[in-house]
Structures are given as C-alpha cells and as structure tokens.
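Structure, as structure tokens:
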Amino acid sequence: MKLSRSFGKTLREAPSDAEMVSHKLLIRANFIRPLGAGIYTYMPLGYRVLNNIHAILSDEMDDIDGQEMLMPNLHPKEIWDRTGRWAQYSGVMFQIDAGGNRWYGMSPTHEEVVIDLIGREVDSYRDLPRMVYHISKKYRDEARPRGGMIRLREFIMKDAYSMHLSEESLDEYYPDMYQAYLNIFNRCGIDVIPVQADTGAMGGKSSHEFLFPHDGGEDDFIQCSNCDYAANVEAATFVRTGDKPDSLEELNKILTPDCKTIQAVADFCGIATSQTLKAVFLWATPPGKAEKEGKFVFAVIRGDLDVNEVKLSNALGGVELRPATEEEIKATGAMPGYASPIGLNVAKDADSDGVYVIADTSIENGGDFVVGANEVEYHYTGTNYPRDFAVTQMADIAEAGNGHVCGNCGEGTLSSRKAIEAGHCFKLGLRYSKPTNTTALGPDGKPHLVYMGSYGIGLDRLMGIIVEKYHDESGIVWPRSVAPYDIHLMNLGKEEEPKALCDQLYKDLKAAGFSVIYDDRPKVNPGVKFKDADLMGMPIRISIGRRSLENGGAEVKLRNSADRDVVAMDDLIAHVKAL
RNA sequence: CGGGGCAUAGCUCAGCUUGGUAGAGCGCUCGCUUUGGGAGCGAGAGGCCGUCGGUUCGAGUCCGGCUGCCCCGACCA
C-alpha cells in the first residue's frame, strides 16, 4: 500500500476523551475512528490487524476440527423466546420493532441460532460431536462502554459452539479448546492467565476465563503466591484461619453507643474486626420468578470478611439478589445496624418457616464474637456458634482477597489483581437444548438432549490488549503475527535515485511475499515519515535516502530495537527474509 | 442505573468570572524555501460556539430543560 493513496491520516494529538494507551494510539495511528460511545469504524490499518487475528483464530479452530461459518445478526424474537432469553436480555439486547407485530433482536450472542441449527441438522449420535464457529458482529447495549476497544457496544467476536451427545463427550473435548485458546493468545504475543470462573445461574460444571492482567481491566482475579492457583474473585476459595477458644465466654449484653459499623464496634471494644460478626440482608428471587415470590435472606459472616454476592447467589441456587429494605429487615425482628441471628426465629431448612439465615464457614473459625443484640446501641460479647444461635445453611460466601490463605495448596498467600477478560470457555451443558427440546438419537435408539459448550474471544478487544502490551512512547510496536504490514518502506530523498530504488524495492519485497506499506509521499519531511512509522508500528522499517545511499544502501531497523543496519541493495531481500 | 466532568474550527484548547464584530497552535489549501526525527517564511480556506427554551436592547458568555461524550461505581452467558 502506498501511503500517498491511503485513506485517513495520523493525528499528532489524541482526542481528549481517549484515556487508555491503546485507545489513544489506535486513534492517533489511524487504526480506528469513533462513531458513538462504544461504536467504532475499523480503518484500513485496523481492519488488517483484525483480519490477521481472524486468520490465527480460524487456524486454531480448524485444528480442533471446527468449521467456520457465518450466522445472521438479525434474530427473530421467536428463537429467543424459546430459551427464555428475550425477556432476560431485554436490558442488553437491541430489540427492534419491525412493525406488524414483528420483532427482531440484534445478536448479542448466538446460542439461540446454533441450537436452532442443531435441531435441524443433527439427527443422531452419528452427527456428533461437532464444532462450528463464526467471526461476526455482536451488539450489546452496554450500560457503560469504556476504554476504547475494551468494552464496546458493537464488537467483533469469534464464538465457537461445540455439541455433544453426552457430558463425557463435552468433558473430553473441552481441554482441546482450552489448549487452542492458549495457542491463540500465545500466537498474538499475549500472556493470559486461565482462571476458574463463576458458572453462575447458567449451570454447568466448568468455566474458564482467560485474563490479561491490567490495571485498566474490569475483572478482579485471585492468584496464589505459592502454587499456580488462579481464579476469578467470584469463584476463588480460601482457607478460613482462626481457632475456637478453648473455653467459651458467657454471652453478655453491653451498651455500644454510636456503633453502627463493624469498624466502630471493633474500635469501641478494642478488638480486631475478625472478633466480630456482621450481618447482610438481601432479598432473593429465584431465577425466572417474580420478585414477590422471593424470600428474605439473612447472611452472617465474620467481620473481617465481605460477602461475595455471586457466591451467595450460587449457594442459594442462582437467585437474583437485591439489598433488603429497612422494613423487610425489621419484619424479621432484626435491627439494622445492630443485627444478629440471636433471638430470631431461624428457619430449619428452605421449606420451614422463619428467617433464612445463611452463614459463611468463617463463623466457625474463631469465637467469643461481638455481635448485634437486635436492639439499638446494644451488642453481645462472648457470642459463639452454634451455642448461641442457629443457621439455616452454612456455605462459602466470602470474597477472597489479599492476604488470604490459598484454598488450593493451603500454604500460599492470595493476592488480588485487575484484569481484562480476553476470552471465555464455557460448558453450557443442557441450558439451551432443554427448553428447546433439542435432541439426537443415541446408539440406544432413544433421544438424548444435546450438550453444548460455547467459547468466545473478542477480536477488537484482543487488538486493544495487544496494543496495551506492545507500545512505547513513540507508538505501537506490533508483533509480527498481527502487524498490518510486515514492512514500512520509506523514501527519504527528493532526488530521482532513492525514489527509483524505493519503487523497485516496493515491487521486489511484495514479490518476495512481504506485505509492505510504502511511504512514497512527496513533499513530506523525513521527520514526519519517521514519526508516522514509529506511531503505526510495523515490525520492519526500511528507509532509503541520500545518507543511507552514501553508506552503501538502505537502512533497516526493527521497530522493537534501536539498532540500525545499512544493507546493500543487492542483499536486501535476503537480509529481510532472515530477520 | 447512581456520582463526577466536559461540549467553541478536522485535533488540542483559550475566550465565559465582569454579556457588546469568533481566537491560538497543530492539521488543511496556495506560493517560495527546506529534505534523516512532526522544518521555515508569506498568503488563504474553515465555526448555527451540541440542542431547545428563558433573561436581556443584545447571549459562546447568565439561567433552565434535553442530548451527546468521558471518568468512577453498580451491572455484565
């Protein structure tokens, strides 16, 4: 490509609303242009990067017996009604009223289309297992697009779908996909950390996120200092430390003025927050049910820990949670700010009357706690479980964090980091085949619900991640595998000779199989050409000017190195091939 | 959805406090000069000051509504 004929131009300054480095550089270097919040045009250079990523993805997917296809982005409402997600996704999906009682959704994802296809194409176990994938646009009305390529309303995703006769078949296939994902990120030059993720209300046994650690990321994940354990904060387990005292104190009610927070209580009593218990009140609505069919949940946890709502939701069967109102709290007999299960009518199990109390296992690690007395300005000291109160359910509902002991090896210390989610593998199981009754005949002659897995990677987000990692103060430093062009060729002279040499070299390099962007712009100063080359970031730069010719040929420089070599014109192709 | 910020030329921003003819740098066009790190001189083009309403003789400037964009948080198979 000749720069003299290329569309758009580089910017000396980035728009002031761009914050992340990748966002600024991709705009400045003319790879992307914003159209609206979370909506971008991929300019010719950016599109070439996406195509390179596309090729890597296709290669790896094909390698594990996947087939590339292309599914529609306009989805009839009916297929989403069948899985119950038309209503569930109403806040996220762009839903279009096409008139005449026809409604369409713009593809936020493609499980519905795939399950419809499976129903049509897959008849028996002989048609399984299969994997199909496509790379196409997704639309999600994100509440807050951010960070340029990091969170988009319209984005490009590689989504793969595997289908199986049995759970064993899915389990068997899953590691191949997992390995393909590692290969993909490796080929893009990105180090990712695979972490166990929350399987959430979608059920299924296993889910992995591939995280790129980055302060600008949206995910929190946990790593162990000792073993290779890594998990999403919503799935991370840790060891509750602390022992019960040998002899227990008596329960004793004390006056605690102005102690509405755990910290205030601990300060007032001169104890650590781990010597207190705290209560959290939520309203839990079962999935797919109306809110009034839900129930009040009283969660108890040691004072130094926090409840993780996703863990809590999972422990309760995937319920929707919202904070309880003050009226709902008082109706149970508890007093906000001074609440505890002591003296409440605690339900024996989910079907019994009384208050549903769920406790984190941490309340068994320690004793003689200070807890609320369900009376304004009063707490109990010397509280011990189970002597002084009952719980309905004991579960792991605490959020893992810095300094906790690893739940995997039991020795290392956990630390929390921010990350960008680069990919996600998910065992969907029967989530989509069940409501649509999508079956295949087994060898036993009976219909079996089809097991599914889905596996996503955002191409534009991945492009952003690559730039986050590969840049310097002058611009982008593309890895070879995804660079829009291999070579940035520059004519620095105004005389005939360098121009003629460059024109010829441009042809020769392309004939030798390289992709080349050629800065042949006349009347543009060398300084400008250098700045643009650094900004755009092609791996190899070749420049010809009076000075290089005096030194015997063309100057060759790698973008990721400061070294410059002058190479004789005759040796140039061979030299570049050897790089 | 809650909190905060911003909106003036293609980009970065001044002008607003104290209302009175629309500004700068970069970019763009033309001419001359220059040609190895965003070069110089000269001449130009380019703006319904986001939008609607209010106050005023007069609003980019003051007041209110709306919209858009950015950041933090909530949310996010």
Side-chain angles (χ1 to χ4, degrees), chain A residues 8-20 23-24 27-28 30 33-39 80 83-85 88-89 91-93 107-112 114-115 138 140-148 150-153 155 157 159 161 197-204 207 209 216-219 232 234 287 309-310 318 320-323 421 424-429 431-432 452-456 458 474-475 490-495 498-499 519 521-535 541 543-551 554-555 557 564 566:
Chain A
K9 52 168 64 82
T10 58
L11 302 176
R12 191 188 288 243
E13 291 179 273
S16 57
D17 53 19
E19 197 87 355
M20 284 185 79
H23 192 195
K24 289 182 186 173
I27 289 176
R28 284 190 55 210
N30 193 28
R33 289 290 179 255
L35 185 63
I39 309 171
W80 285 78
T83 60
R85 292 212 297 176
Q88 189 185 336
Y89 262 61
V92 180
M93 186 163 31
S107 57
T109 173
H110 282 80
E111 281 83 6
E112 275 72 8
V114 172
I115 202 74
K138 296 283 183 282
R140 294 183 192 178
D141 190 9
E142 296 290 349
R144 184 150 101 79
R146 70 182 95 185
I150 300 309
R151 190 153 211 88
L152 293 155
R153 282 211 175 94
F155 59 102
M157 189 171 182
D159 40 326
Y161 303 88
D198 162 53
T199 52
M202 302 308 288
S207 165
E209 286 179 354
E218 305 174 299
D219 286 18
N232 187 300
E234 292 157 0
E309 281 201 22
V310 174
E320 294 273 332
L321 293 168
R322 66 157 170 83
E421 181 184 348
H424 201 156
C425 288
F426 208 101
K427 289 185 184 175
L428 295 173
R431 169 61 182 88
Y432 298 92
M452 274 179 76
S454 83
Y455 317 90
S474 302
M490 304 193 297
N491 172 24
L492 298 178
K494 60 173 182 175
E495 306 85 359
K499 181 181 185 314
D519 195 345
R521 292 174 295 179
K523 298 182 187 171
V524 173
N525 279 308
V528 174
K529 292 186 176 180
F530 281 122
K531 291 287 183 192
D532 275 346
D534 287 346
L535 184 59
R541 187 183 82 194
S543 48
I544 299 179
R546 183 171 33 80
R547 203 154 99 186
S548 76
L549 290 174
E550 283 166 6
N551 287 326
E555 181 186 284
K557 179 185 174 297
R564 304 164 182 220
V566 175

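Below, read A as the first sequence line, B as the second, and so on, with proteins coming before strands; counting in each chain starts at 1.
- Residue contacts shown for A:Arg564 include a base, since a base heavy atom lies under 4.0 Å away.
- Side-chain contact between A:Arg151 and A:Arg144 is absent, with no heavy-atom pair separated by less than 4.5 Å.
- Proximity note for A:Arg151 (side chain, C-beta onward) versus B:rC76, B:rG27, B:rG36: the nearest is B:rC76.
- For the pair A:Arg140 and A:Thr10, nearest-nucleotide mapping onto RNA chain B gives the more 5' position to A:Thr10.
- Separating the P atom of B:rU12 from that of B:rC71 is a span of 14 Å, rounded to the nearest Å.
- Counting non-hydrogen atoms under 4.0 angstrom, A:Arg521 reaches nothing in the nucleic acid.
- If you measure from atom CZ of A:Phe530 to atom C1' of B:rG37, you get 6 Å, rounded to the nearest angstrom.
- One P atom belongs to B:rC63, the other to B:rC75, and the distance between them is 36 Å to the nearest Å.
- With hydrogens and angles left out, the side chain of A:Arg547 and the base of B:rG37 share no donor-acceptor pair within 3.5 Å.
- Of the candidate nucleotides B:rG36, B:rC11, B:rG38, B:rC11 has the atom nearest to the side chain of A:Pro15.
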Provide a list of protein-nucleic acid N or O atom pairs under 3.5 angstrom, restricted to nucleotides 65-74 of chain B.
from   : atom 1 : to       : atom 2 : distance (Å)
B:rC69 : OP1    : A:Ala37  : N      : 2.8
B:rC69 : O2'    : A:Asp17  : OD2    : 3.0
B:rC71 : OP1    : A:Gly147 : N      : 3.3
B:rC72 : OP2    : A:Arg144 : NH1    : 3.2
B:rC72 : OP2    : A:Arg144 : NH2    : 2.8
B:rC72 : N4     : A:Arg144 : NE     : 3.3

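- Separating the C1' atom of B:rC13 from that of B:rA22 is a span of 14 Å, rounded to the nearest Å.
- The shortest distance between side-chain heavy atoms of A:Arg546 and A:Pro498 does not fall below 4.5 Å.
- Shortest non-hydrogen contact noted between A:Arg33 and A:Ile27 is NH1-O, 2.6 Å.
- For the pair A:Leu321 CG and B:rC75 C1', the computed distance is 13 Å after rounding to whole Å.
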- [ ] For the pair A:Thr10 and A:Arg28, evaluate side-chain contact (heavy atoms from CB on, under 4.5 Å) and give the outcome as yes or no after the intermediate values.
- [x] CA-CA 5 Å; A:Thr10 58; A:Arg28 284 190 55 210; over 6 Å; no

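- On the P atoms, B:rC1 is 29 Å away from B:rC62, given to the nearest whole Å.
- Note on A:Arg12: every side-chain N or O is 4.0 Å or more away from OP1 and OP2 of B:rC26.
- In this structure, of B:rG37, B:rG36, B:rG38, it is B:rG36 that holds the atom nearest to the side chain of A:Glu555.
- Among the atoms of the strands shown, none is found under 4.0 Å from any heavy atom of A:Glu142.
- Using a 4.0 Å heavy-atom cutoff across all strands shown, A:Met490 reaches no nucleic acid atom at all.
- To the nearest angstrom, C1' of B:rG10 lies 8 Å from CG of A:Leu11.
- Residue A:Glu309 contributes atom CD, which lies 11 Å from atom C1' of B:rC75 at whole-angstrom precision.
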- [ ] Apply side-chain contact (heavy atoms from CB on, under 4.5 Å) to A:Met20 and A:Arg146, showing your working.
- [x] CA-CA 9 Å; A:Met20 284 185 79; A:Arg146 70 182 95 185; over 6 Å; no

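- A salt bridge links A:Arg541 to A:Asp534: one of the charged nitrogens lies within less than 4.0 Å of a carboxylate oxygen.
- Nucleotide B:rC28 is matched to B:rG44 when pairs are restricted to Watson-Crick or G-U wobble geometry with both distances under 3.5 angstrom.
- B:rA9 sits 14 Å from B:rG60 when the P atoms are compared, rounded to a whole Å.
- Taking atom CD of A:Glu13 as the reference point, atom P of B:rA14 lies 12 Å away to the nearest angstrom.
- Across all strands shown, B:rU55 remains unpaired; no Watson-Crick or G-U wobble contact has both distances below 3.5 Å.
- In this structure the side chain of A:Asn30 never reaches within 4.5 angstrom of the side chain of A:Lys9, judged on heavy atoms.
- Pair check for B:rC69 finds B:rG5; Watson-Crick or G-U wobble, both atom distances under 3.5 Å.
- Rounded to whole Å, the C1' atom of B:rC28 lies 26 Å from the corresponding atom of B:rU21.
- If you take OG on A:Ser454 and NZ on A:Lys427, they are separated by 13.0 Å, rounding to the nearest 0.5 Å.
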TODO: Report, as a single string ordered 5' to 3', how protein heavy atoms within less than 4.0 Å touch nucleotides 29-35 of chain B: B base, S sugar-phosphate only, - not at all.
DONE: -----BB

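- More than 12 heavy atoms of other residues, nucleotides or ligands sit less than 6.0 Å from atom NZ of A:Lys557.
- Atom pair A:Lys557:NZ and B:rG36:C1' shows a separation of 14 Å (rounding to whole Å applied).
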- [ ] Determine, step by step, whether A:Arg564 and A:Asn551 satisfy the side-chain contact (heavy atoms from CB on, under 4.5 Å) criterion, reporting the C-alpha distance in whole Å, the side-chain angles of both residues, the deciding distance to 0.1 Å, and the verdict.
- [x] CA-CA 12 Å; A:Arg564 304 164 182 220; A:Asn551 287 326; over 6 Å; no

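- Taking the C1' atom of each, B:rA14 and B:rG47 are spaced 15 Å apart, rounded to whole Å.
- Look at A:Glu111 and A:Arg431 and you find no salt bridge, because none of the NZ, NE, NH1 or NH2 atoms lies under 4.0 Å from a carboxylate O.
- Residues A:Val528 and A:Glu218 each lie close to RNA chain B; by heavy-atom proximity, the contact nearer the 5' end of the strand is made by A:Val528.
- Base contact: A:Arg28 has a heavy atom under 4.0 Å from a base atom.
- Minimum heavy-atom separation, A:Ser548 to A:Ala554: OG-CA, 4.0 Å.
- With both pairing distances under 3.5 Å, B:rG19 is matched to nothing as a Watson-Crick or G-U wobble pair.
- Base pairing annotation: B:rC75 forms no Watson-Crick or G-U wobble pair, as no partner gives both donor-acceptor distances under 3.5 Å.
- B:rC75 atom P lies 16 Å from atom CD of A:Gln88, rounded to whole Å.
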TODO: Take A:Leu152 and A:Lys138 through the side-chain contact (heavy atoms from CB on, under 4.5 Å) test and state the conclusion after the steps.
DONE: CA-CA 9 Å; A:Leu152 293 155; A:Lys138 296 283 183 282; over 6 Å; no

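- Nucleotides B:rG46 and B:rG10 have their C1' atoms positioned 9 Å apart, rounded to a whole Å.
- What separates CE of A:Met157 from P of B:rC76 is a distance of 16 Å, to the nearest Å.
- For A:Ser548, counting side-chain heavy atoms from C-beta on, the closest listed nucleotide (B:rG25, B:rG36, B:rG38) is B:rG36.
- Across every strand in view, B:rU61 sits unpaired, with no contact that passes the Watson-Crick or G-U test at under 3.5 angstrom.
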